[in-house]
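All heavy atoms count here, side chains included; hydrogens, waters and symmetry mates do not.
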Amino acid sequence: MSSAELSKSYEPRLVEDVWYRAWLDRRYFHADVNATPVPFSIVIPPPNVTGSLHIGHALNSTLQDVLVRWMRMSGRNTLWVPGTDHAGIATQNVVERKLTKEHIDRHALGRERFVEKVWEWKRESGGRIIEQLKKLGASCDWDRERFTMDEGLSRAVREVFVRLYEEGLIYRGERLINWCPRCHTALSDIEVEHEEEKGKLYHISYPLSQDPKVRLTVATTRPETMLGDTAVAVHPLDPRYKDLIGKTVDLPLTNRKIPVVGDSILVDLEFGTGAVKVTPAHDFSDYEAGQRQSPELPRIKILNDRAEILSDIPDVRAGTIKLIAGKPVKKARGIVVELLQEQGYLIKTEDHGHSIGKCYRCKTVVEPYLSPQWFVKTAPLAEPAIKAVEDGSIRFIPKGWENTYFDWMRNIKDWCISRQIWWGHRIPAWYCDNCGHITVTRTDATVCGKCGSGNIRQETDVLDTWFSSALWPFSTLGWPDATKELAVYYPTSVLVTSFDIIFFWVARMIMMGLRFMQQIPFRDVYIHALVRDAEGQKMSKSKGNVIDPLEMTEQFGTDAFRFTLVAFAAQGRDIKMSAERIEGYRNFANKIWNASRFVLMNTDADFVPNNDIVVTESSLADRWIVSRLNTVTRDVQAALAEYRFNDAASALYQFIWHEYCDWYVELSKPALKDQDLAKRMCAQTTLVMTLERALRLLHPIMPFITEEIWQKLPKKVRGDGDSIMISSFPTSDSTYIDEAIEQSMRLPMDAILSIRNIRGEMNISPRERVRASIRAENKDILATLERTAGYVTSLAGLSHLAIALDVAKPEGSSTGTIRGAEIYVSSDQVVDKDAERDRLQKEIAKISRDIDIFSKKLANKNFVDKAPREVVEKDTAKLEGFKAKRDKLEQSLRILDA
RNA sequence: GGGCGGAUAGCUCAGCUGGGAGAGCACAGCCCUUACAAGGCUGGGGUCACAGGUUCGAUCCCUGUUCCGCCUACCA
């Protein structure tokens, strides 16, 4: 009979791979650049090639997939560009570690061979994350997969670099930058993570050269850097010290005399001793103070690029050097402190908490380090990027993130883009050994652009990984060529990402997009939450609290996992994830499966939905579920349009489980067995058509199960489509949304709930039929109840139901009240009078509370005068209803006791 | 030091522009009722962090306080 046999429970592993392959084979993910509909495009935030899929990626790509599938079903020319990032430092570290295990040193290997090894590694294991995205059902256009170091993108990088250089927006210079001594490279400001640590504040006294008895005490957390001091700064208005400005002090442990200078910016009168040692080569604020002084203070380096003490620091006494040369910073600190103490310069040591910068890739303590680097002058780029958000061309969702963006952009510093590593886009600059000119070109230079000498060397540095990602929205579409893809899909529609890369990536894409495309790169920026563990801790390998997304899909099915992510993706709040939470949605998937099983048991494969019959014959329940379906369709559309993913998910959950399954399927059962063919047809049609529409609504979130079931639906129900993926997303028809119908359905539903409640309270077995009488308050209610008597009989398990305007309460029956009617339930069992009394009293107490609240409210003259009239009228009606109910209940109680 | 967000049922969280507090999970009771025990039905459980203010009326708006997150910053 049935059109398709479904197994008793949903088994994801049997369907997921099959459908994903089918979608791929049929090229549903592929976007046709020549298609005419309005485009909708997204570029994926490219995961690192080194990465394996973590839960953050899972959330990120699921949300994008929901949008993309939704838009594709809505008829848009939809493109989702996938790809990966070469992740300079991270990848180099991975391959270096691998080589170390094989006892190979990268320096011994040499640059070229090392880079070749990285490519090898990339080919072998770099694509893993892409395969994992496919497991999640991501409907990316894999034909357009890009890599930040593939040929086209490298060309874009070079073009941008050369143009910015020619426009004077890229420059090279020796500056103090953040240096990771382990990765052995410069880092940009935002690649440094700050952590609060307990340290010590050392007070050191510097004797005045002119009068050694006078001592200037400075406070520092890094005493070892004193070897590089080139001044002591005091506040020019400080009465304690201002007379000392212009004099010199003898720097302990050295033969250096350094000036006392006045600097109102560096020195805070309130803090410490009021005197600050100045080490321009090893501290950012000192560096700036050094530049402020006139003449500029000398910079004395004391560390090498591995953060070890140099052996040739100027002026330092030989004995001191001997003790500390080559020692790492921390060790040197101890030695310096000891020396200072021995020689009587250390005044005191106190505990002090301060924040310390660490490399975002390897957590090594970062050193401010003086070295020649390449920079992007950001101010001119930032200005239009700020404007684009200010004037609403680009929207952040939630809006609060705009402040974060503005904050950073308005105080933006020049971006250090050179990295002293091997893996990445090598900077296209050649230094001439003959004339010193720097040649920057699109094609590799062989001779100096100025003097023509062939004696040139290419810059060894590579570009910051984020330099290439900044171009992603247009480089992936073929820029710098004027491709059709760019014309059609740029600007992209929305960027979905997490807040931690607003600076790294989002801001820079906006700057670069505006500069090189003269257009914003995306209209909306949707910032989603961070996924944490069940305790709210950030997931990390070291904590061992990582939830592996693939394990979750394995265990509960991809759809359940996706639904969980979407359901928890409320704006502005982090997601706490745990297996139990996914389990609930696995059950949801199974619920859908079983409801579908029921539907399929009741419709043949050649079933033809009969809409004419539905028009004439549809029952109240049919019209009710259709009304609800159209409401939920409207709500889901609205929620998705505003990126309220969780609202879309819960609307669907609520509708499918608690309205369609719990009510409609049950309500339809009598009609499905009705003698009358028309009635049967009508129920069947409504049942299956509602399911079909619900599946389409759900498909963007749960692609696999919806496709699997949809394919088993009768052909005529599916229409002409070959796949739910390319069927149309339902739209809401407001003519089917009928408030009156939904109100009318409340009556039998309330009656059913009330009778079930009584059964429960009276401890009547579910199997036992009971008799019920309902007294309707008026004719309208009577009519509705009569019309829906079948529902009540069926769902409340009645053997007999009487409805009238003047039913007398049967002897020994229990009473329930609903809005507009009173219900008496009798069972063949002897009624337990005590239980019945309890129940009635409880109901009376409850309703009395309501009466209390509303009486008070309506007795308040101010309320009656000032509140809107509808509110007052509504409340008055409610109060009267409550009072009438209470009277009836009290009457029942008297009868019971009589 | 600045900024942002959070505080609602035992847990995780919804609550749109102020009008009788919601869901899921967990818990208790009854049910293997012919789609589903990964299920059904019923039920218990909340001075909406604290103190003020605005209002006829505040979980919602304003101010302050406390406690938790997070971002940001060169207090040596």
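- Rounding to whole angstrom units, CZ of residue A:Phe645 and C1' of B:A14 are separated by 17 Å.
- For B:C32, one of the phosphate oxygens OP1 or OP2 lies less than 4.0 angstrom from a side-chain nitrogen or oxygen of A:Arg767.
- Distance A:Asn590 CG to B:A38 C1': 5 Å, rounded to the nearest Å.
- To the nearest 0.5 angstrom, A:Thr631 atom OG1 is 5.0 Å from A:Arg634 atom CZ.
- Under 3.5 Å, the side chain of A:Lys878 and the base of B:G20 form at least one donor-acceptor pair of N or O atoms.
- The interatomic distance linking A:Gln654 (CD) with B:C25 (P) rounds to 11 Å, in whole Å.
- For A:Phe568, taking side-chain heavy atoms from C-beta onward, the closest of the listed nucleotides B:G39, B:C74, B:U12 is B:U12.
- Judged purely by distance below 3.5 Å, without hydrogens or angles, the side chains of A:Ser188 and A:Glu191 pair a donor atom with an acceptor atom.
- Comparing the same atom, C1', in B:C48 and in B:C32 gives a spacing of 41 Å after rounding to whole Å.
- When each of B:A38, B:C56, B:A76 is scored by its nearest atom to the side-chain atoms of A:Arg586, the top-ranked nucleotide is B:A38.
- A distance of about 15 Å separates the P atoms of B:C4 and B:C61, rounded to the whole Å.
- Taking each heavy atom of A:Leu652 and A:Val632 in turn, the nearest pair found is N-CG2, 4.4 Å.
- Look at A:Glu583 and A:Arg586 and you find a salt bridge, because one of the NZ, NE, NH1 or NH2 atoms lies within 4.0 Å of a carboxylate O, short of that distance.
- Across every strand in view, B:U59 sits unpaired, with no contact that passes the Watson-Crick or G-U test at under 3.5 angstrom.
- Spacing of C1' atoms, B:C71 relative to B:G39, comes out at 46 Å, to the nearest Å.
- Using a cut-off of 4.0 Å between Lys/Arg side-chain N and Asp/Glu carboxylate O, A:Arg222 and A:Glu224 are scored as salt-bridged.
- The CD1 atom of A:Ile190 sits 14 Å away from the P atom of B:C71 (whole-angstrom rounding).
- The listed nucleotides are B:G43, B:C71, B:G20; the one nearest the side chain of A:Asn757 is B:G43.
- Annotation: B:A14 and B:U33 have their C1' atoms spaced 34 Å apart (nearest Å).
- For A:Asn763, counting side-chain heavy atoms from C-beta on, the closest listed nucleotide (B:C30, B:A35, B:A76) is B:C30.
- When the C1' atom is compared between B:U8 and B:C13, the two are found 9 Å apart, to the nearest whole Å.
- Taking atom CZ of residue A:Phe406 and atom P of nucleotide B:C71, one finds them 21 Å apart after rounding to whole Å.
- Set against B:G20, B:A76, B:G40, the side chain of A:Trp657 has B:G40 as its closest nucleotide.
- A donor-acceptor contact under 3.5 Å is formed by the side chain of A:Asp850 with the base of B:G20.
- Comparing atom distances between the A:Arg756 side chain and each of B:A73, B:U33, B:C41 picks out B:C41 as nearest.
- When each of A:Phe503 and A:Lys846 is assigned the nucleotide of RNA chain B bearing its nearest heavy atom, the one mapping closer to the 5' terminus is A:Lys846.
- Using a 4.5 Å heavy-atom cutoff, the side chains of A:Leu565 and A:Arg562 are not in contact.
- Here the side chain of A:Glu666 is nearest to one of B:C36, B:C11, B:U42, namely B:C36.
- Taking atom C1' on both B:U66 and B:G57, the two are 28 Å apart, rounded to the nearest angstrom.
- Contact annotation: A:Asn862 side-chain N/O to B:G57 OP1/OP2 distance is not under 4.0 Å.
- RNA chain B is contacted by both A:Glu583 and A:Thr220; A:Glu583 maps to the nucleotide lying nearer its 5′ end (nearest heavy atom per residue).
- Atom name P, nucleotides B:U47 and B:G10: the rounded distance is 8 Å, in whole Å.
- Put simply, CZ on A:Phe588 is 12 Å from P on B:G24, counting in whole angstrom units.
- Distance check on atom C1': B:C62 versus B:U54 gives 7 Å, rounded to whole Å.
- Between the C1' atom of B:A23 and the OH atom of A:Tyr653 lies a distance of 9 Å, rounded to the nearest Å.
- For A:Ile853, whose side chain is taken as the heavy atoms from C-beta onward, the closest listed nucleotide among B:A14, B:G20, B:C36 is B:G20.
- When each of B:C36, B:A76, B:C56 is scored by its nearest atom to the side-chain atoms of A:Arg597, the top-ranked nucleotide is B:C36.
- Look at CD on A:Gln291: it is 14 Å from C1' on B:C74, rounded to the nearest Å.
- In a base pair of the Watson-Crick type (N1 to N3 plus N6-O4 or O6-N4) or a G-U wobble (N1-O2 and O6-N3), with each distance short of 3.5 Å, B:C67 is matched with B:G6.
- Phosphate proximity of B:G43 to A:Lys842: absent, as no side-chain N or O sits under 4.0 Å from OP1 or OP2.
- Using modelled atom types, one side-chain atom of A:Arg759 and one backbone atom of A:Gly797 make a donor-acceptor pair closer than 3.5 Å.
- For the OP1/OP2 pair of B:A73 and a distance below 4.0 Å, the side-chain nitrogens and oxygens of A:His354 include no atom meeting the criterion.
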